[in-house]
Amino acid sequence: MNNLFKGLLAGYGAKKLGGGCFSTVLIFTLIWVVLGQCSH
């Protein structure tokens, strides 16, 4: 999985799930890490 697609997917998930700025960044990071683990 390339970084652009992973970033878009993580960004979409964070926008849907996150309310405030901090929680959106936290969810984005969490999704990014999970997707990174899945691709190996």
Side-chain angles (χ1 to χ4, degrees):
M1 183 179 293
N2 65 11
N3 283 342
L4 179 63
F5 182 72
K6 190 166 65 167
L8 289 173
L9 197 62
Y12 178 77
K15 187 177 180 203
K16 283 289 186 189
L17 298 171
C21 184
F22 182 73
S23 63
T24 302
V25 171
L26 194 64
I27 293 168
F28 177 87
T29 306
L30 187 67
I31 295 172
W32 181 274
V33 170
V34 169
L35 290 174
Q37 296 298 322
C38 292
S39 66
H40 287 295

Taking it one step at a time, do Gln37 and Val34 satisfy side-chain contact (heavy atoms from CB on, under 4.5 Å)?
CA-CA 5 Å; Gln37 296 298 322; Val34 169; 5.8 Å; no
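- In the hydrophobic clustering of this structure, Phe5 groups with Ile31; members are Ile, Leu, Val, Met, Phe, Trp, Tyr whose side-chain heavy atoms approach within less than 4.5 Å, directly or through other members.
- Distance CG/Leu35 to CG/Leu30: 9.5 Å, rounded to 0.5 Å.
- The two residues Ala10 and Trp32 come nearest to each other via the heavy atoms CB-N, 4.1 Å.
- Cluster annotation: Tyr12 and Leu8 are assigned to distinct hydrophobic clusters (Ile/Leu/Val/Met/Phe/Trp/Tyr, side-chain heavy-atom contacts under 4.5 Å, transitive).
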